[in-house]
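Heads up, the thing below is written out as structure tokens.
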2 protein chains.
Amino acid sequence: MFAFRLDTRSGVPTYLQLVEQVRHGLLLGYLQDGDQLPTVRDVAAALVVNPNTVAKAYRELERAGLVAPRAGQGTFVTGNVDRVPAATYAKLSARLRAWVNAAREAGLGPDQVRALVTAILDEDRSKARAA
Amino acid sequence: MFAFRLDTRSGVPTYLQLVEQVRHGLLLGYLQDGDQLPTVRDVAAALVVNPNTVAKAYRELERAGLVAPRAGQGTFVTGNVDRVPAATYAKLSARLRAWVNAAREAGLGPDQVRALVTAILDEDRSKARAA
DNA sequence: GCTTGTGTACTATCCGACTAGTACAATGCG
DNA sequence: CGCATTGTACTAGTCGGATAGTACACAAGC
């Protein structure tokens, strides 16, 4: 079963964090067509948040056409998303993992690693906008 | 002069985004000891936010000992942060940039790139916590 | 000394995220 | 049918971020 996590210090609204995690799961293949998401009440209990907050996230995902609710059953993935081919995914993640290790060995702390990644991704975003 | 940017859709509070960007600038060497940050009023005008919001960010940075205000002058960096050596930084960022390009050429969209990076960094975070 | 530009402080207000609690609709199962 | 489980809907309230507007304190420069 898919598991959620929360970062309360990030300032990102809870329901958006949940939406993001499902989106990422779909993009990376952790979640596939037909998979069931944890029930609203389960998630609410596990993360100690209000059921309404979880429901808001699920509603958002439903609006986006990524999941569909079945009353009395739960919420299920209706995967119509471009997934990364498994081989490509494995290759890229291995290479990225190596990079993170190299950065850590070069003495960079987690914050510095994140800062550098953010900077490079922002470059990429700027290029994408310019193109 | 240092320049700020805003991502209004991220859900991250404005003042926290400003704090983060200064922190990153310090970590990566974009900002150095003695550098002046844009004035509160300049930032407020450029980003179209309330001066109080910018002041809140600067106050936060001052509390952290990263910057110091000089009345009538502006806010200046008091850089007591571990910076990444320039050579290390150049090497790592080049390698990461290459990885991003490879990912894009493999057909991954910006969102997928970010998702993958987030996933790997979360792995790293979990390992760091476990250690 | 006066003016200008800077950071700071304060109050009031608005809005969105989140919570609390309850109730309802639909499905599956005995 | 009756019950449990699930998602959904609604109202009311709390809390924090952001805004608006004003006022103050300090330093530099004419």
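Letters go in sequence order (proteins before strands), and every chain restarts at 1. This is a predicted model, so every value here is computed, not measured.
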Whole-Å distance between [N] [atom2] and [X] [atom1]?
| X | N | atom1 | atom2 | value |
| --- | --- | --- | --- | --- |
| B:Lys56 | C:dG7 | NZ | P | 18 Å |
| B:Glu62 | C:dT8 | CD | C1' | 10 Å |
| B:Asn50 | C:dT13 | CG | P | 16 Å |
| A:Arg59 | C:dC18 | CZ | P | 12 Å |

Taking [Y]'s backbone N and O only, do any of them form a donor-acceptor pair with [X]'s side chain (distance below 3.5 Å, no angle check)?
| X | Y | result |
| --- | --- | --- |
| B:Gln17 | B:Thr14 | no |
| B:Thr75 | B:Ala68 | no |
| A:Ser10 | B:Val12 | no |
| B:Gln21 | B:Arg5 | yes |

Which is more 5' along DNA chain C, the nucleotide nearest A:Val48 or the one nearest B:Val40? Just name the residue.
B:Val40
I'd like to know if A:Arg59 and A:Glu62 make a salt bridge, using a cut-off of under 4.0 Å between side-chain N and carboxylate O.
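Salt bridge absent between A:Arg59 and A:Glu62.
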Inspect the contact between A:Arg114 and B:Asp122 and indicate whether a charged nitrogen and a carboxylate oxygen are less than 4.0 angstrom apart.
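Salt bridge between B:Asp122 and A:Arg114, a charged N being under 4.0 Å from a carboxylate O: yes.
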When you compare the side chain of [Y] with that of [X], does any pair of heavy atoms fall below 4.5 Å?
| X | Y | value |
| --- | --- | --- |
| A:Leu96 | B:Leu96 | yes |
| A:Leu31 | A:Val22 | yes |
| B:Tyr58 | B:Val43 | yes |
| B:Leu108 | A:Tyr89 | no |

Using a 4.0 Å heavy-atom cut-off to protein, can you give one letter per nucleotide of nucleotides 25-30 of chain C, 5' to 3': B if the base is in contact, S if only the sugar-phosphate is, - if neither?
-BBS--
Could you check A:Tyr15 against A:Asn50 for side-chain contact (heavy atoms from CB on, under 4.5 Å), going step by step and ending with a plain yes or no?
CA-CA 10 Å; A:Tyr15 82 100; A:Asn50 196 280; over 6 Å; no
Hey, is the side chain of A:Asn52 pairing donor to acceptor with the base of C:dG21 inside 3.5 Å?
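Check passes, donor-acceptor contact within cut-off.
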Does anyone know the first and last nucleotide of DNA chain D in reach of chain B, 5' to 3', at under 4.0 angstrom to a heavy atom?
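The footprint of chain B covers D:dG17 to D:dA28.
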Let's see if you get this right: which residues in residues 12-21 of chain A place a heavy atom under 4.0 Å from DNA chain C?
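The answer is A:Pro13, A:Thr14, A:Tyr15.
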